[in-house]
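Below you'll find the structure, written out as structure tokens, and then a few comments.
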Amino acid sequence: MTDVTSDAAATRLRRSPLHERHTAAGAKFAPFGGWEMPLEYAGGGVLKEHTSVRTAVGVFDVSHLGKARVSGPGAADFVNACLSNDLGRIGPGRAQYTLCCDDATGGVVDDIIAYLYADDHVFLIPNAANTAEVVRRLRAAAPESVTVTDEHEAYAVLAVQGPRSGELLAALGLPTEHGYMSFSAATLAGVELTVCRTGYTGELGYELVVPAEHAVAVWDALFAAGEAFELRACGLAARDTLRTEMGYPLHGQDLSLDITPVQARSGWAVGWDKQAFWGRDALLAEKAAGPRRTLRGLVAVDRAIPRPGMTLHVGDEQVGVVTSGTFSPTRKQGIALALLDTDAKLADGDEVEIDIRGRRAPLTLTKPPFVTPSVR
């Protein structure tokens with residue numbers, strides 16, 4: 001992640017409707033998917049922000065995430081015929097993690113949360129950098145009855161995450177009892193919004209989808225009530241350490257056009273029995289043959305901190321590459337996700353070595369998550 005260091009650079013980036021609130025809080029900014037977003041805040045930093053989410057409650061501005069709406073007769077069936085997961089498994093008021101795959105290769109264009117409102121209404125939250133491409137592909141395939149609308153800047157998204165997140169939202173009169181991966185309409189500070197029981201941290205959490213023009217009012221209401229619950233503003237650096245501890249993939253690193261869901265062990269997000277979805281033939285063939293590489297978890301034996309792009313070795317043989325790696329504030333050791341060659345026939349508990357600027361350091365294969373999840 002690179003800091004934005006000039007006004008010229010900043011003017012080329014979109015800004016959250018909460019940018020002034022972040023500036024007032026002493027945020028350090030960085031570019032994410034074409035947006036200038038908070039990396040961390042003064043008086044806290046990554047470790048304190050990470051710990052707040054694991055022990056109390058933190059709020060992330062993730063308004064850079066994309067938003068797209070698919071509407072019209074047959075909208076849900078259309079989305080189901082394009083994206084990987086099976087919308088038929090859920091009903092209205094539920095959300096689903098799914099993948100937009102390339103039809104020819106099965107590579108992942110993006111991973112997405114789909115919110116099913118009705119048979120004629122699906123709301124999608126893709127990643128910031130990929131929103132335009134996801135919308136382009138859906139529009140190109142949509143029948144005349146279905147409209148695909150890019151609403152990227154129409155909404156802000158606030159992720160309220162941590163074991164006390166439910167207490168905080170309940171104190172504000174927001175619904176908190178709905179099940180994991182479901183959503184409800186609500187009102188806060190006179191603002192109509194959507195409360196989603198989703199998140200990217202592994203903790204109990206909610207995401208508030210708010211009209212952009214009302215984001216400041218909702219942010220202020222959260223912090224007015226938040227002191228009693230030890231609420232802390234958290235940046236995207238802590239979001240990255242939290243998601244890595246859970247083994248959650250990041251598009252562009254652990255998933256990409258070159259990394260299929262079969263390789264990334266994301267087959268649980270594929271409706272294999274569906275008759276149609278983009279990439280179906282390529283993915284079924286890869287699944288039957290077995291992937292040449294798979295995404296695995298690694299834990300450092302010593303004080304090494306794995307980083308993306310570092311190579312992994314068994315003796316003189318290179319057996320893989322780190323896709324995501326960081327220091328785990330919870331475990332106090334280095335952790336990583338890595339693509340490992342299946343021909344190496346490595347099992348959990350085996351050791352590999354990472355190359356850190358010419359020095360070798362041992363890591364042990366383990367199955368993520370690296371910490372116990374509390375998301376439900």
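As the structure is a prediction and not an experimental result, all values here were calculated from the model. The first residue in the sequence is number 1, and the count goes up from there.
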Completion exercise
Checking Tyr117, Tyr206, Phe123 against Phe183 for ring-ring contact (aromatic ring centres under 6.0 Å, His included), the one that qualifies is Tyr117

For the atom pair [atom1] ([X]) and [atom2] ([Y]), what is the distance rounded to the nearest 0.5 Å?
{"X": "Ser182", "Y": "Tyr115", "atom1": "OG", "atom2": "OH", "result": "10.0 Å"}
{"X": "Leu124", "Y": "Glu151", "atom1": "CG", "atom2": "CD", "result": "10.0 Å"}
{"X": "Lys67", "Y": "Arg69", "atom1": "NZ", "atom2": "CZ", "result": "11.5 Å"}
{"X": "Leu298", "Y": "Thr366", "atom1": "CG", "atom2": "OG1", "result": "9.0 Å"}
{"X": "Trp272", "Y": "Leu284", "atom1": "CH2", "atom2": "CG", "result": "5.5 Å"}
{"X": "Ile259", "Y": "His251", "atom1": "CD1", "atom2": "NE2", "result": "8.5 Å"}

Any chain of hydrophobic side-chain contacts (each under 4.5 Å) joining [X] to [Y]?
{"X": "Val314", "Y": "Val321", "value": "no"}
{"X": "Val270", "Y": "Leu83", "value": "no"}
{"X": "Leu208", "Y": "Leu236", "value": "no"}
{"X": "Leu365", "Y": "Val319", "value": "yes"}
{"X": "Leu312", "Y": "Met310", "value": "yes"}

Handout entry: Residues Asp103, Arg137: salt bridge by 4.0 Å N-O rule
Key = no

Using modelled atom types and a 3.5 Å cut-off, is there a donor and acceptor pairing between side-chain atoms of [X] and backbone atoms of [Y]?
{"X": "Thr198", "Y": "Met181", "answer": "no"}
{"X": "Thr201", "Y": "Leu242", "answer": "no"}
{"X": "Lys274", "Y": "Leu87", "answer": "no"}
{"X": "Asp110", "Y": "Asn127", "answer": "yes"}
{"X": "His178", "Y": "Val195", "answer": "yes"}
{"X": "His22", "Y": "Gly235", "answer": "no"}
{"X": "Ser145", "Y": "Gly72", "answer": "no"}
{"X": "Ser328", "Y": "Arg331", "answer": "yes"}
{"X": "Asp341", "Y": "Asp343", "answer": "no"}
{"X": "His64", "Y": "Arg15", "answer": "no"}

Any side-chain donor near an acceptor of the partner, [X] and [Y], under 3.5 Å:
{"X": "Ser324", "Y": "Asp254", "value": "yes"}
{"X": "Thr260", "Y": "Glu286", "value": "yes"}
{"X": "Asp258", "Y": "Ser256", "value": "no"}

Answer yes or no: is there a side-chain heavy-atom contact under 4.5 Å between [X] and [Y]?
{"X": "Leu255", "Y": "Gln263", "value": "no"}
{"X": "Leu99", "Y": "Asn85", "value": "no"}
{"X": "Val109", "Y": "Leu257", "value": "yes"}
{"X": "Leu39", "Y": "Lys28", "value": "yes"}
{"X": "Arg265", "Y": "Arg296", "value": "yes"}

Exercise for the section: Could you check whether the rings of His19 and Phe29 sit parallel, tilted or perpendicular, using 30° and 60° as the cut-offs? Expected result: parallel

Look at atom [atom1] of [X] and say whether more than 12 heavy atoms of other residues, nucleotides or ligands are closer to it than 6.0 Å.
{"X": "Asp273", "atom1": "CG", "answer": "no"}
{"X": "Glu20", "atom1": "CD", "answer": "no"}
{"X": "Arg303", "atom1": "CZ", "answer": "no"}

Practice task
Check step by step if salt bridge (Lys or Arg N to Asp or Glu O under 4.0 Å) holds for Asp220 and Arg21.
Solution key: CA-CA 9 Å; Asp220 290 348; Arg21 288 292 186 268; 2.7 Å; yes

Practice task
Measure across Ala238 and His50 and return the closest heavy-atom pair with its distance rounded to 0.1 Å.
Solution key: CB-N, 3.9 Å

Exercise for the section: Take Glu245 and Thr330, measure what side chain to side chain donor-acceptor pair (under 3.5 Å) needs, and give me the verdict at the end. Expected result: CA-CA 8 Å; Glu245 285 189 342; Thr330 304; 2.9 Å; yes

Handout entry: Partner of Ser52 under side-chain hydrogen bond (donor to acceptor under 3.5 Å, both in side chains), chosen from Arg164, Gln161, Arg232
Key = Arg232

Exercise for the section: Please test Tyr97 against Tyr248 for ring-ring contact (aromatic ring centres under 6.0 Å, His included), starting from the C-alpha separation and ending with a verdict. Expected result: CA-CA 12 Å; Tyr97 178 81; Tyr248 292 157; 8.6 Å; no

Exercise for the section: Begin from the C-alpha positions of Val62 and Trp35 and carry the test side-chain contact (heavy atoms from CB on, under 4.5 Å) through to its verdict. Expected result: CA-CA 10 Å; Val62 289; Trp35 290 65; over 6 Å; no

